Amino acid sequence: MSDLQVTYQTGEEGVGPPPHSHNWDESFFITKGEVLFTCDGSTSKCNAGTFVHVLGGTVHAFSFGPGGGEILEITGKGSNAIRMFTDISQESARVR
């Protein structure tokens, strides 16, 4: 598997991961809407067209703004993003 993994994420207003950190770098490109990013306790409102880069080890979180939004997430070496999202999708399908 390549060192880089790219995922497409969409969500309704207020949806997003809680504060967390991991060993790999992670970047986000907002493709639609507004996303609130928090990195090391500082929050920024980011609109479509914004690129956010988060260094590995940085505590971060995000949530989609009014009307929801869409992002591309690019994760670096050591990422488990695709495996994690696949596991969540499969578990969600079993629960339905």
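Atom set for the values below is all heavy atoms of this structure, side chains included, hydrogens, waters and symmetry mates excluded. All figures in this text were calculated on a predicted structure; none of them were measured in a lab.
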Atom of [X], atom of [Y] and distance for their closest heavy-atom approach:
X	Y	result
His60	Thr58	ND1-O, 2.8 Å
Val59	Pro19	CG1-CB, 4.0 Å
Gly67	Glu13	N-OE1, 3.9 Å
Pro18	Ala61	C-CB, 3.7 Å

Just wondering, do Phe28 and Thr50 contact through their side chains at under 4.5 Å, heavy atoms?
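SC-SC contact between Thr50 and Phe28 ruled out.
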
Taking the side chain as C-beta and beyond, is there a heavy-atom pair between Phe62 and Ile71 under 4.5 Å?
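Yes, close enough: below the 4.5 Å cut-off.
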
Is the side chain of Asp25 donor-acceptor paired with the backbone N or O of Leu55 at a distance under 3.5 Å, no angle test?
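No, the answer is negative, given that no donor and acceptor are paired below the 3.5 Å cut-off.
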
Quick one: pull up CD1 in Ile74 and CD in Gln5 and give me the separation to the nearest 0.5 Å.
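Spacing of CD1 (Ile74) from CD (Gln5) equals 11.5 Å.
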
List the atom pairs, donor and acceptor, that lie under 3.5 Å between side-chain atoms in residues 30-45 and the rest of the protein, sequence neighbours left out.
{"residue": "Thr31", "atom": "OG1", "partner": "Glu70", "partner atom": "O", "Å": "3.2"}
{"residue": "Thr38", "atom": "OG1", "partner": "Thr43", "partner atom": "OG1", "Å": "2.7"}

